[in-house]
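Working notes, beginning with the structure itself.
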Amino acid sequence: MVALTLPDGSVRTFERAVSGAELAAAIGPGLAKAALAVKVDGELRDLARSIGRDAKVEIVTAKSAEALALIRHDAAHALAQAVQELYPGTQVTFGPATEDGFYYDFVRPAPFTPDDFPKIEQRMREIVDRNLPLVREEWSPSDAVEHFESSGEAYKAEWVREIGTRGEAISIYRQGEWLDLCVGPHLPATGKLPKAFKLMKVAGAYWRGDAKNAQLQRIYGTAWASEADLKAYLTRLEEAEKRDHRRIGREMGLFHVQEEAVGSVFWHPKGWELWRTLENFVRGRLRASGYVEVRTPQLVDRKLWEASGHWEKFEQGMFLAAPRSAGARAEEGERVYAIKPMNCPCHVQIFNQGLVSYRQLPIRMAEFGSCHRYEPSGAMHGIMRVRAFTQDDAHIFCTEDQIVPEAVAFCALLRGVYRALGFDEFIVKFADRPPVRAGTDETWDKAEAALKNAAKAAGLELIHNPGEGAFYGPKLEFVLRDSIGRDWQCGTLQIDFVMPERLDAAYVGEDNQKHRPAMLHRAMLGSFERFIGILIEHYAGHFPLWLAPVQVAVATITQDGDAYAGEVARELADSGLRVVLDTANEKIGYKVREHSLAKVPVILAIGKREAELRTVSVRRLGSNAQETLALQDALARLVAEAEIPGP
RNA sequence: GCCGACGUAGCUCAGGGGUAGAGCAACUGAUUCGUAAUCAGUAGGUCACAGGUUCAAAUCCUGUCGUCGGCACCA
């Protein structure tokens, strides 16, 4: 007897083990037809596998949350089969479902191009029409290796060899003539795969994610339960593209980049206005949180980077500089400067001037530090990943006892800053010790424990990010998402016992002995460039009034209003608002459109009536409602709204 | 750095061996208008850069630079 409990609480009993398909059929013919897989005690399984014990079960249909992953995984298999049918000799490797689609990695001497997509998609549809049953088989590792080697699938054979050593049977899924090594689960037949899929792009990808390995050709696709869902997804992508910071940055005249300064940003007046507003906002929060601000050199002798350990690890990523009269040869013993790639060694130099007493700790030393790193060419992306950037960096020098309260305070500060900037949600990752690192295991144990405790005390939910810590210490990574779903690390909190040791930082303790301080590296925005990019996409350029580079446009309706409009603009500007005056010879409709496209939050229209009554007609971005206010009322309201949000 | 695509007017794009194109923007003039495009005219280009093939190259080939999408990297 097998008793199966359904989601509604009802129990079905069977004389013998039944498959998911039989269970669905027993419940009803409609469900039998719609069934895609079955969930047994939370585990997703093929419909054909038998359930031999009492369990909680749930039939998965296209409406289930789990269905999409199944559909996408099946789409990957259909893609692989289609490609192998169309391009004989192509090897298959891996093809998983992803967040909104799937991909499959192939090995083939000739490149795939997007021109191949229609043909491949057509063949995938044919495979769906064939309605091939997906059959799971278990093979011995040796049979599997033999099969893949004889069919020229070197990568699959390598993989089977590796998992074969674990002594498990090899799970093979067969669809018609075609088969693939795969743990499943899968849909019962290719005919269950909705045709709502589309191939999206080709890209290179390294075998097993390692740049030392061969590069494979990856074909990305997206797949959905219905045509409508697919269409909605494609529309979403189009919408996201309109939020792209590169596009909005140009449209709003915020910044540009050009060939002569790859990886650096030319900030235009409006973009720089935004930057300064953001910087002053952060500065205010730092001051309120007991930070001091410093400024350290751009060019620093390589000796300091050797001492800090950065030279050894990041030499290739540093820009060097030497005066032309002395340098260019950079012979042994000559002074070579690195343009600073980070601020921490310099902050330690400030800490090291004079003797620090434990009574002075913690010292929270902040710098809006301009750094340069030679980022790999392929890593560059708009203003989000650049070679010249400015961090809202700070280092907290403290005793070990102060680590947890300082870390907790930082998390609270960061949460407040993010909230004020419109980010109520963010991801926090906990990155622990990397394989190559400085410091003893004991030190790392201590640092990791401290960081975890702090995050816990701050009530943060952590996602484990194993082996991704900095070489000197573990970190918390605060991650924001861009408009097209890419994650960007912005904030960070890192505990470091290594740098103070290497650079010989010390304070005098209560016991009159010298001690090493702990050092917390922390940033909230990360880099201004990246954060402004994220901010632009987050708001799609429609900034709240306090952040907007241009806050108010004063636009005249006819020339009769020019004098008064000038007065209005001057008065607003005198009150600290960022104003443009538009007395151009155009219709008001044209001006409204122009300033709306420029994403100016407030338009004040000035006509004859306003000039006579000393009022303004207020129009907000995103609304076509108008409100007529006395100039002084409007001014007071706007000034209040434009205030930088305090802690 | 690796794989692929792309680079034509300020922007968005067409043209794919035989005189360099459109819309928007810009400029000039007319128009004085009430909340997302007034009308007319004018000007604007070493077709990324460098070589090569050809009677002839924006167009075909090679290289370089850059951008874009991934991968790898990210102190």
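Hydrogens, waters and symmetry mates are skipped; everything else that's a heavy atom, side chains included, is used. Letters go in sequence order (proteins before strands), and every chain restarts at 1.
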Rounded distance in Å between the C1' positions of U38(B) and G34(B): 15 Å
Base paired to C68(B) (Watson-Crick or G-U; both N/O distances under 3.5 angstrom): G4(B)
Any-strand Watson-Crick or G-U partner of A20(B), both distances under 3.5 Å: none
side-chain contact (heavy atoms from CB on, under 4.5 Å) assessment of R236(A) paired with E239(A): CA-CA 5 Å; R236(A) 206 158 68 233; E239(A) 288 303 312; 5.6 Å; no
Please classify the nucleic acid contact of S308(A) as base, sugar-phosphate, or nothing, using heavy-atom distances under 4.0 Å. nothing
With H268(A), which residues qualify under side chain to side chain donor-acceptor pair (under 3.5 Å), at least two apart? H256(A)
For the P atoms, the ones on C49(B) and on G66(B), what distance do you get once it is rounded to whole angstrom? 15 Å
Out of A75(B), U35(B), A25(B), whichever nucleotide has its closest atom nearest the side chain of Y590(A): A25(B)
Do T443(A) side-chain atoms and G439(A) backbone N/O form a donor-acceptor pair below 3.5 Å? no
A37(B) to G15(B) separation - C1' atoms, rounded to the nearest Å: 28 Å
Aromatic centroids of Y418(A) and F426(A) separated by under 6.0 Å: yes
Based on the glycosidic angle (syn within 90° of 0, else anti), state the conformation of G70(B). anti
Would you kindly give the CE-to-C1' distance between M519(A) and A75(B), to the nearest whole Å? 12 Å
Opposite nucleotide pairing with A37(B), Watson-Crick or G-U, both atom distances under 3.5 Å: none
Who are the side chain to side chain donor-acceptor pair (under 3.5 Å) partners of H521(A), not counting sequence neighbours? H395(A), D496(A)
Classify the side chain of S596(A) versus the base of U35(B) as yes if they form a donor-acceptor pair under 3.5 Å and no if they do not. no
Under 3.5 Å donor-acceptor, K429(A) side chain and L476(A) backbone: no
Would you check, one step at a time, whether the test side-chain contact (heavy atoms from CB on, under 4.5 Å) holds for I557(A) with K608(A)? CA-CA 8 Å; I557(A) 294 167; K608(A) 224 179 198 166; over 6 Å; no
Who is the Watson-Crick or G-U wobble partner of C47(B), with both distances under 3.5 Å? none
Using the P atom as the reference point in each nucleotide, state the distance between C65(B) and U53(B) in Å, no decimals. 23 Å
K313(A) or E594(A), whichever maps to the more 5' nucleotide of RNA chain B: E594(A)
Write down the partner of A9(B) under the Watson-Crick or G-U wobble criteria, each distance required to be under 3.5 Å. none
Could you state the CD-P distance from Q217(A) to C2(B), rounded to the nearest angstrom? 16 Å
U32(B) - base-pair partner by Watson-Crick or wobble geometry, distances under 3.5 Å: none
Pair partner, U42(B) [Watson-Crick or wobble, under 3.5 Å]: A26(B)
Ignoring backbone atoms, establish whether R250(A) has a side-chain N or O less than 4.0 Å from OP1 or OP2 of G10(B). no
Whole-Å gap separating P (U35(B)) and CD (E627(A)): 17 Å
Nearest-Å distance once atom P is located in both C73(B) and A20(B): 49 Å
Kindly point out which of U32(B), C74(B), G34(B) is positioned nearest to the side chain of R373(A)? C74(B)
When rounded to whole Å, the CD to C1' distance for the pair E586(A) and A37(B) reads 9 Å
Between C1' of U35(B) and CD1 of I588(A), the distance in whole Å: 6 Å
Can a donor-acceptor pair be found, under 3.5 Å and without considering hydrogens, that links the side chain of S623(A) to the backbone of R620(A)? no
Taking only the C1' atom of each, what is the distance from C13(B) to C3(B) in whole angstrom? 27 Å
Would the number of heavy atoms belonging to other residues, nucleotides or ligands and lying under 6.0 Å from CD of E99(A) be above 12? no
Enumerate the residues from residues 467-477 of chain A whose closest heavy atom to RNA chain B is under 4.0 Å, giving them by residue number; use none for an empty result. A470(A), Y472(A), K475(A)
Can you give me the N/O atom pairs linking the protein to nucleotides 66-73 of chain B at distances under 3.5 Å, or say none if there are none?
| from | atom 1 | to | atom 2 | distance (Å) |
| --- | --- | --- | --- | --- |
| C68(B) | OP1 | R246(A) | NH1 | 3.1 |
| C68(B) | OP1 | G382(A) | N | 3.4 |
| C68(B) | O3' | R246(A) | NH1 | 3.3 |
| G69(B) | OP1 | R246(A) | NH1 | 3.4 |
| G69(B) | OP1 | R246(A) | NH2 | 2.9 |
| G69(B) | OP1 | R486(A) | NH2 | 3.3 |
| G69(B) | OP2 | R246(A) | NH1 | 3.4 |
| G69(B) | OP2 | H381(A) | ND1 | 3.2 |
| G70(B) | OP1 | R486(A) | NH1 | 3.2 |
| G70(B) | OP2 | R486(A) | NH1 | 2.8 |
| G70(B) | O3' | Y220(A) | OH | 3.1 |
| G70(B) | O2' | Y220(A) | OH | 3.1 |
| G70(B) | N2 | G204(A) | O | 3.4 |
| G70(B) | N2 | Q215(A) | NE2 | 3.4 |
| C71(B) | O4' | G204(A) | O | 3.0 |
| C71(B) | O2' | Y206(A) | N | 3.0 |
| C71(B) | N4 | G378(A) | O | 3.4 |
| C73(B) | O2 | R385(A) | NH2 | 2.8 |
| C73(B) | N3 | R385(A) | NH1 | 3.0 |
| C73(B) | N3 | R385(A) | NH2 | 3.4 |

Distance between the C1' atoms of G1(B) and G44(B), in whole angstroms? 40 Å
When you measure from the side chain of I557(A), which nucleotide among A75(B), G34(B), U35(B) comes out closest? G34(B)
C6(B) versus C61(B) - spacing of their P atoms, nearest Å: 11 Å
Do N343(A) and Q391(A) meet the criterion of a side-chain donor-acceptor pair at a distance under 3.5 Å? yes
Using atom types as modelled and distance alone, determine if a side-chain donor or acceptor of N213(A) lies under 3.5 Å from a backbone N or O of W207(A). yes
Testing the 3.5 Å rule here: is there a donor-acceptor pair between the side chains of E153(A) and Q84(A)? yes
Between G4(B) (P) and L199(A) (CG): distance, integer Å: 19 Å
Calculate the interatomic distance between L597(A) atom CG and U35(B) atom P; express it in whole Å. 17 Å
Test of ring centre spacing under 6.0 Å for H372(A) and F389(A): no
What residues 106-120 of chain A contributes to the RNA chain B interface at heavy-atom separation below 4.0 Å is P111(A)
Kindly write out the residues that satisfy ring-ring contact (aromatic ring centres under 6.0 Å, His included) with H595(A), not counting sequence neighbours, or none if the list is empty. none
N624(A) atom CG is separated from A36(B) atom P, nearest whole Å, by 7 Å
pair_partner(U54(B)), Watson-Crick or wobble, both distances < 3.5 Å, evaluates to none
Do Y472(A) and Q494(A) have a side chain donor and acceptor closer than 3.5 Å? yes
